[in-house]
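Sequence positions, counted from 1, serve as the residue numbers for this chain. What you see below is based on every heavy atom in this structure, not just the backbone, and it leaves out hydrogens, waters and symmetry mates. Everything numeric in this text was worked out from a predicted model, so none of it was measured.
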Amino acid sequence: TYSFPKAKEIRFQHWKAIPFDNTTPQSRERRELLSECLESTDPLMCEIPFFVVNEPPPDQPDADCTELGMCSMNLRQIVEQESDADNASLQVHDSKGRNCGVLHVRIKVLDVLRGIVSCRDHPRGQQWKQYKE
């Protein structure tokens, strides 16, 4: 098994780009999902969840991952603050709600969200203009 010494901080770097242009059906579906998220009255609809897991050791490939905790970032908050989440610190909580760490994330999505809410036929288009004033 992998064992890390108790430390104040362990850093892992992970990067993922998700295209939102209109050139493929999949990216159009993603834009539609973001649009639905921003139109929704359900506050949880705009949450991007992050799960921190402990993967099984290489000698146990059939074992399940163990969830250590989770945190989330709200896309509406990015729109309202007009700022990408650039090195946001998210509190990670375990299944019992206890704080078990901090996850630092960078989410570059403001330009995509601006494009979606500024669409003429988008219900929140007028509300977006209010954010700008």
Exercise for the section: Apply side chain to side chain contact (heavy atoms under 4.5 Å, CB included) to Asp94 and Leu68, showing your working. Expected result: CA-CA 6 Å; Asp94 65 14; Leu68 302 175; over 6 Å; no
Distance-only, no hydrogens or angles: does the [X] side chain make a donor-acceptor pair with backbone N or O of [Y] under 3.5 Å?
| X | Y | result |
| --- | --- | --- |
| Arg76 | Cys46 | no |
| Arg106 | Asp86 | no |
| Ser27 | Thr24 | yes |
| Asn99 | Gly101 | yes |

For the hydrophobic clusters of this structure (ILVMFWY residues joined by side-chain heavy atoms under 4.5 Å, transitively), does one cluster hold both [X] and [Y]?
| X | Y | value |
| --- | --- | --- |
| Leu44 | Leu33 | no |
| Leu90 | Val109 | yes |
| Leu34 | Phe50 | yes |

First locate atom [atom1] of [X], then atom [atom2] of [Y], and finally report the distance between them rounded to the nearest 0.5 Å.
| X | Y | atom1 | atom2 | answer |
| --- | --- | --- | --- | --- |
| Gln26 | Phe20 | CD | CZ | 10.0 Å |
| Glu55 | Asp64 | CD | CG | 12.0 Å |
| Asp111 | Ile116 | CG | CD1 | 11.0 Å |
| Asn74 | Met45 | CG | CE | 12.0 Å |
| Glu47 | Asp42 | CD | CG | 9.5 Å |
| Arg114 | Ile78 | CZ | CD1 | 11.5 Å |

Compare every heavy atom of [Y] with every heavy atom of [X], then report the nearest pair and how far apart it is.
| X | Y | answer |
| --- | --- | --- |
| Gly69 | Cys100 | CA-SG, 4.4 Å |
| Leu110 | Val79 | CD1-CA, 4.4 Å |
| Pro49 | Ser72 | CA-CB, 4.1 Å |

Exercise for the section: I would like to know whether Glu36 and Ser40 meet side-chain hydrogen bond (donor to acceptor under 3.5 Å, both in side chains); could you show each step before the answer? Expected result: CA-CA 6 Å; Glu36 290 173 13; Ser40 175; over 6 Å; no
Practice task
For the pair Met70 and Val92, evaluate side chain to side chain contact (heavy atoms under 4.5 Å, CB included) and give the outcome as yes or no after the intermediate values.
Solution key: CA-CA 5 Å; Met70 70 96 48; Val92 179; 5.8 Å; no
Practice task
Give the intermediate values and the outcome of side chain to side chain contact (heavy atoms under 4.5 Å, CB included) for residues Val52 and Glu67.
Solution key: CA-CA 6 Å; Val52 180; Glu67 184 178 318; over 6 Å; no
Exercise for the section: Output, in order, the C-alpha distance, side-chain angles, deciding distance and verdict of side chain to side chain contact (heavy atoms under 4.5 Å, CB included) for Cys37 and Leu75. Expected result: CA-CA 8 Å; Cys37 148; Leu75 291 177; 4.3 Å; yes
Practice task
Please tell me if the side chains of Arg31 and Ser35 come closer than 4.5 Å, counting only heavy atoms from C-beta onward.
Solution key: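 The answer is no, as the side chains (C-beta and beyond) never meet within the 4.5 Å cut-off.
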Practice task
Report yes if the side chains of Glu32 and Arg28 come closer than 4.5 Å at any heavy-atom pair, otherwise no.
Solution key: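 They are not in side-chain contact.
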